[in-house]
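I have placed the structure first, in the form of structure tokens, so that the comments after it can refer back to it.
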Amino acid sequence: MFFSQVRARPKTWEASPSEYKRWVEIEANAVMSSVNPDTSGISLEEFLNIVRKKKEAQLYWNEIRHIFTAFDRYYRGYLTLEDFQKAFKQVAPKLPERTVLEVFREVDQDSDGHVSFKDFEYAMSCGQK
């Protein structure tokens, strides 16, 4: 519903020359372990494409973590309805309280009154995969 409309957007990322070299040297083992061992290998372009996607996913996860941390004003590791209300009041002051409550209930998967990072991450990434 509403929450999926405000989720973070994945960012594209370009490698600097030093990062490019590091990808080739350090990331090769991780990427190559996912390649079919019956093939003779992959091209550098394919390799860099795989690593680029990995880096973009990492940046997206970091963005979600940053948003969660901004909502978690008391660093408890979870969000309450009050946290949601205060955050939405700052970023969308005209949003009806009922909508904020609906968003909170949607994200609070187990209805315990607390939104864990896992719940928050799931809600933010709905439709991204």
Side-chain angles (χ1 to χ4, degrees):
M1 171 206 150
F2 172 79
F3 210 78
S4 62
Q5 296 171 0
V6 296
R7 68 181 178 268
R9 301 279 189 246
K11 295 180 180 175
T12 55
W13 186 78
E14 293 298 322
S16 70
S18 63
E19 289 168 322
Y20 180 89
K21 183 178 179 185
R22 186 182 56 141
W23 281 359
V24 173
E25 294 173 355
I26 295 175
E27 298 273 348
N29 288 336
V31 172
M32 294 309 289
S33 68
S34 68
V35 175
N36 183 349
D38 297 331
T39 63
S40 62
I42 62 173
S43 69
L44 181 58
E45 183 180 333
E46 289 172 307
F47 170 78
L48 291 174
N49 206 14
I50 292 168
V51 174
R52 185 176 295 111
K53 288 178 184 177
K54 179 182 175 186
K55 185 67 174 177
E56 287 173 359
Q58 182 181 11
L59 287 172
Y60 180 64
W61 184 88
N62 287 341
E63 186 176 339
I64 292 172
R65 174 55 83 178
H66 181 75
I67 293 168
F68 180 85
T69 302
F71 277 36
D72 185 12
R73 299 171 301 122
Y74 299 110
Y75 305 105
R76 296 176 292 211
Y78 62 86
L79 305 175
T80 63
L81 175 58
E82 181 185 347
D83 294 328
F84 266 66
Q85 290 168 329
K86 291 195 185 246
F88 278 95
K89 201 167 275 189
Q90 289 180 347
V91 298
K94 295 184 180 183
L95 192 66
E97 280 288 320
R98 176 142 178 86
T99 303
V100 175
L101 179 59
E102 289 172 8
V103 169
F104 181 80
R105 287 181 177 160
E106 183 178 324
V107 177
D108 182 14
Q109 295 290 309
D110 58 4
S111 301
D112 67 351
H114 297 116
V115 172
S116 67
F117 176 71
K118 185 177 177 181
D119 291 337
F120 189 79
E121 179 183 30
Y122 176 78
M124 292 291 284
S125 64
C126 284
Q128 287 295 312
K129 307 216 183 230

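As the structure is a prediction and not an experimental result, all values here were calculated from the model.
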Any side-chain donor paired with an acceptor under 3.5 Å for Asp83 and Thr80? yes

To the closest 0.5 Å, what do you measure between NE2 (His114) and CG (Leu81)? 11.0 Å

Set of salt bridge (charged side-chain N to carboxylate O under 4.0 Å, His left out) partners for Arg65, sequence neighbours left out: none

Value for CD (Gln109) from NZ (Lys118), rounded to nearest 0.5 Å, stands at 10.0 Å

Only counting residues at least two apart or in another chain, list the ones meeting side chain to side chain donor-acceptor pair (under 3.5 Å) with Asp108. none

To the nearest 0.5 Å, atom CZ of Phe68 lies from atom CD of Glu121 at 10.5 Å

Please name the residue in the list Tyr75, Tyr78, Trp61 that meets the ring pair (Phe, Tyr, Trp, His ring centres under 6.0 Å) test with Phe117. Trp61

Correct closest heavy-atom pair for Asp72 and Gly77 would be OD2-N, 2.8 Å

I'd like to know whether Phe88 forms a side chain to side chain contact (heavy atoms under 4.5 Å, CB included) with Thr99, so could you lay out the CA-CA distance, the side-chain angles of the two residues, the decisive distance to 0.1 Å, and finally the verdict. CA-CA 10 Å; Phe88 278 95; Thr99 303; over 6 Å; no

Measure the spacing between OH of Tyr122 and CD1 of Ile64 and express it to the nearest 0.5 Å. 12.5 Å

Can you tell me how far CZ of Phe104 sits from CD of Glu82, rounded to the nearest 0.5 angstrom? 10.5 Å

What heavy-atom pair brings Phe84 and Val103 nearest, and what distance separates the two atoms? CE2-CG1, 3.9 Å

Around atom CZ of Arg98, are there more than 12 heavy atoms from other residues, nucleotides or ligands closer than 6.0 Å? no

Nearest 0.5 Å, please: how far is CZ in Arg73 from CG in Leu79? 10.0 Å

Could you check if a side-chain atom of Asn62 sits within less than 4.5 angstrom of a side-chain atom of His66, using non-hydrogen atoms only? no

